[in-house]
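Okay, structure first, notes after.
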There are 2 protein chains.
Amino acid sequence: MTQPMNQKPEKDEAFLQDCLYFTTNRLSRAITRMADEAFATTGLAPAYGYLIRLVIGSPGITQKELSEKLSITPSTLTRFVDKLETKHLVERKVHGKTVMVYPTEKGIELGPTLRQASKRLKQNYEEILGKELSDQLTEYLTSSSKQLEK
Amino acid sequence: MTQPMNQKPEKDEAFLQDCLYFTTNRLSRAITRMADEAFATTGLAPAYGYLIRLVIGSPGITQKELSEKLSITPSTLTRFVDKLETKHLVERKVHGKTVMVYPTEKGIELGPTLRQASKRLKQNYEEILGKELSDQLTEYLTSSSKQLEK
DNA sequence: TTATTTTGTTTGTACATACAAATTAGTTGA
DNA sequence: TCAACTAATTTGTATGTACAAACAAAATAA
């Protein structure tokens, strides 16, 4: 009897838990919910917070560089900068065909608040997952992303 | 001198690589791109493929159960089933206040194609990441999701 | 110098997804 | 029996994100 007893095609749902696509997106939804909460006080979605921090850290950084560091497409980055510009948190300076992004005074002032939110977020998930797993997972994620993005 | 030399606030971008929110979403974008390719032949986005497979595996499964197994909200699930219903791949049967979902003949026939696409996807990412890392990562992701979803 | 190609950005459009509110249908307690 | 509650689903609306096409500026080739 080579055939296992279970005739029915995938009566259970192991194929979900085995799929990196599914499991990654599942975690993405969970951690995004958590991040939204942690950043609620900043008035900004988490992704925007990280963008501003990059701009504060490197005033005049180009949009191309930003989209690379954030691993999002240039078109998405355009929309992000649009929104932050209408909130007067960053401003663009066009230089030929490239666009350089600078923080405004208001943007710079937001820096500490953003770092705090990040810290809270990290505390929250480390409390649930443990520092061990959190760190290991984060490291694996970065390494995998780098490989897959090629 | 308690203060480290580096005065400038986050000149580098380590804070990105250290953040589980960022790294998870980064991988999510990369693997979703890959999954879209692998499922291109099916005419369906990957998420819909998994939904149909659950329905084939448990005909009459309720929407509530589906949304739990897929870890998506009920409202999202409603839209998914809407779309699959207009494509005549599944059909709803209302039973009181719950909705049961059944595969159509056409939906059942799609099963093998979907499993193939899944297999291709897995082969593709295992080729890049290695089976080792893939498995370990997938396991960590599932375990973390379970904990964070509580 | 002019024509071609490349590069960075933006715009149009589409989709997955969520939350909050509305709806509908059982359930329970007075 | 009916009012209040709870649970499953749907609808309205908003947002992050991508891809493809358009556009604009720079670089290169002729």
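In the region residues 91-104 of chain A, proximity to DNA chain C at under 4.0 angstrom, judged on heavy atoms, holds for A/Arg92, A/Lys97, A/Thr98, A/Val99.
From B/Ser144, atom OG reaches atom CG of A/Leu137 across 4.5 Å, with rounding to the nearest 0.5 Å. Rounding to the nearest 0.5 Å gives a distance of 10.5 Å between CG of A/Leu70 and CD of A/Glu68. Atom OG in B/Ser71 sits 11.0 Å away from atom CG in B/Leu148 (nearest 0.5 Å). A/Leu77 contributes atom CG, which lies 4.5 Å from atom CD1 of A/Ile72 (distance to the nearest 0.5 angstrom).
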Exercise for review: Any chance you could lay out the salt bridge (charged side-chain N to carboxylate O under 4.0 Å, His left out) test for B/Arg92 and B/Asp82, step after step, and finish with the verdict?
Suggested key: CA-CA 9 Å; B/Arg92 291 179 160 104; B/Asp82 285 350; 2.9 Å; yes
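When atom types are taken as modelled, the side chain of A/Thr24 and the backbone of A/Tyr21 share no donor-acceptor pair closer than 3.5 angstrom.
Rounded to an integer number of Å, the gap from CD of B/Gln63 to P of C/dT24 is 16 Å. Rounded to whole Å, atom P of C/dT17 lies 15 Å from atom CG of A/Asp36.
Across all strands, A/Leu77 comes closer than 4.0 Å to no nucleic acid atom at all (heavy-atom distances).
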With 3.5 Å as the limit, what N/O pairs link the protein to nucleotides 11-15 of chain C?
from	atom 1	to	atom 2	distance (Å)
C/dG12	N7	A/Arg79	NH2	3.1
C/dG12	O6	A/Arg79	NH2	2.3

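Residues B/Thr98 and B/Gln63 bring no donor and acceptor atom of their side chains to less than 3.5 Å of each other.
With DNA chain C read from its 5' end, the first of the two nearest nucleotides for A/Arg33 and A/Lys64 is the one closest to A/Lys64.
From the 5' end on, the contacts that DNA chain D makes with chain A at under 4.0 Å to a non-hydrogen atom open and close at D/dG16 to D/dA26.
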